[in-house]
Amino acid sequence: MKITVMLFARYREAAGRPALEVEAPEGATLQGIWEQVRTAVPALADERRPLFACDRAYARPERVVTGGEEIAAFPPVSGG
Amino acid sequence: MKITVMLFARYREAAGRPALEVEAPEGATLQGIWEQVRTAVPALADERRPLFACDRAYARPERVVTGGEEIAAFPPVSGG
Amino acid sequence: MALHRLVDGPLDLQEALRAVAGPDRGAVATFSGTARDHHAGRPVLRLEYQAYAAMAEETFRTIGAEVAERFATPHLAILHRTGTVPIGEASVIIAVAAPHRREALAACAYAIDRLKETAPIWKKEVYADGAVWIEGPRARPAG
Amino acid sequence: MALHRLVDGPLDLQEALRAVAGPDRGAVATFSGTARDHHAGRPVLRLEYQAYAAMAEETFRTIGAEVAERFATPHLAILHRTGTVPIGEASVIIAVAAPHRREALAACAYAIDRLKETAPIWKKEVYADGAVWIEGPRARPAG
């Protein structure tokens, strides 16, 4: 299944784009999808533990994605 | 010595004036001066323990007045 | 900068903010106490504040010195209204600027607490059928 | 009333105050975070904020619900600026109105703490010779 991963802040700058599409197998987890992103974008290779959001809520790396969710990965937040 | 006692809030309203002058003996304390105020103003007779200020700072009832200080007596504050 | 003032008219939050803000401090906290339309279930028409003005301003300066010592910032504004305060309008405004948010918020809470404990100011609540001078708890600094 | 908004331009404290004030609440606390001209001794020229907008506004609503439950007041405004924030201007404004001062001040402190922990917003500091994305501590709510 095709999964779009939104990127923010340093990740977005490193990737040179606001989102990335990867092809993931059924049963893929957020962390598994992220490994594909890291492979596809060498500038993100050192980012092993991003924060994840699934449908606009924080989600654990082991969360299984079923397709159709809004997925995002980003570094620790610094608003305020 | 003549001592002027400034009054505020409920005390001022009870006395019908913003300040009162009393004749006090040498060595009089704030509490002693207040007893004269209570005698002079029947509407204040029940007010046995006012707060006192001497020269714009809180002062204890046993503080001795030497004359020339700015003296005030008032109920518990309620600003804000 | 510090600003301490009794005002016989509407208070201006922007004035308080201008007095404390600056490019080297990242946090500004404010507290506004406004006249409520009821007290203990009874409708209140307006408030009237009376102050022992000279001593009140002395008290504000003391609070400023305490805040400077405890929270390491001199940037405190205290504005207190006297006379009639219509419902919904501010009777008191505190503003504090500091490098970081915790000091700013803690200093703001400290300043309004100290003002209520020590400033020689009295509030009268006016109802449809009378008026009452409010008296705080009998706390005060050692004289 | 509640107001939660990301704004691509200057923030208006008066708008936040109007959203929360009312005649039945006697206390209004605000917090403004402003862009500082230095960080760790290094001069800062300006800040740039990027937000995951849809999730950030969701986060603001969650903070509003937490404040309503913990401090018993629904009157919270959160404004956060995105894009460039010049030095001295506000990047975030929180305003809370409540019947009494302790809840208002505590709710204001709680809301800014939670915003900093949870809102998906990132700050970039721009210096004369470069720029750095700031990253907060790795705290986050359980997913």
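Bear in mind the structure is a predicted one, so any value in this text is a computation, not a measurement. Every chain is numbered from 1, with letters handed out A, B, ... down the list of sequences.
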- Message: Under a 4.5 Å cutoff for heavy-atom pairs, which residue among Ala106(D), Ala97(D), Pro99(D) has the most contacts with chain C?
- Response: Pro99(D)
- Query: Between Ala35(D) and chain C, which part of the residue has a heavy atom less than 4.5 Å away: side chain, backbone, both or neither?
  - Reply: backbone
- For Leu13(D), is it the side chain, the backbone, both or neither that has a heavy atom under 4.5 Å from a heavy atom of chain C? side chain
Please tabulate, one pair per line, the N or O donor-acceptor pairs under 3.5 Å between chain D and chain C.
| unit_1 | atom_1 | unit_2 | atom_2 | d |
| --- | --- | --- | --- | --- |
| Pro23(D) | O | Asp37(C) | N | 2.9 |
| Arg25(D) | O | Thr34(C) | OG1 | 3.0 |
| Gly26(D) | O | Thr34(C) | N | 2.8 |
| Val28(D) | N | Ser32(C) | O | 2.9 |
| Val28(D) | O | Ser32(C) | N | 2.7 |
| Thr30(D) | N | Thr30(C) | O | 2.9 |
| Thr30(D) | O | Thr30(C) | N | 2.9 |
| Thr30(D) | OG1 | Thr30(C) | OG1 | 2.4 |
| Ser32(D) | N | Val28(C) | O | 2.7 |
| Ser32(D) | O | Val28(C) | N | 2.9 |
| Thr34(D) | N | Gly26(C) | O | 2.8 |
| Thr34(D) | OG1 | Arg25(C) | O | 3.0 |
| Asp37(D) | N | Pro23(C) | O | 2.9 |
| Arg101(D) | NE | Asp113(C) | OD1 | 2.9 |
| Arg101(D) | NH2 | Asp113(C) | OD1 | 2.9 |
| Arg102(D) | NH1 | Asp113(C) | OD2 | 3.4 |
| Asp113(D) | OD1 | Arg101(C) | NE | 2.9 |
| Asp113(D) | OD1 | Arg101(C) | NH2 | 2.9 |
| Asp113(D) | OD2 | Arg102(C) | NH1 | 3.4 |

- Query: Of the listed residues (Ala104(C), Ala27(C), Ala95(C), Ala90(C)), which shares the most heavy-atom pairs with chain D below a 4.5 Å separation?
  - Reply: Ala27(C)
- Mind checking side chain to side chain contact (heavy atoms under 4.5 Å, CB included) for Ala107(C) and listing every partner two or more places apart, or none if nothing turns up? Val67(C), Phe71(C), Val96(C)
- Item | Which atoms of Ile94(C) approach chain D - backbone, side chain, both or neither, heavy atom under 4.5 Å | neither
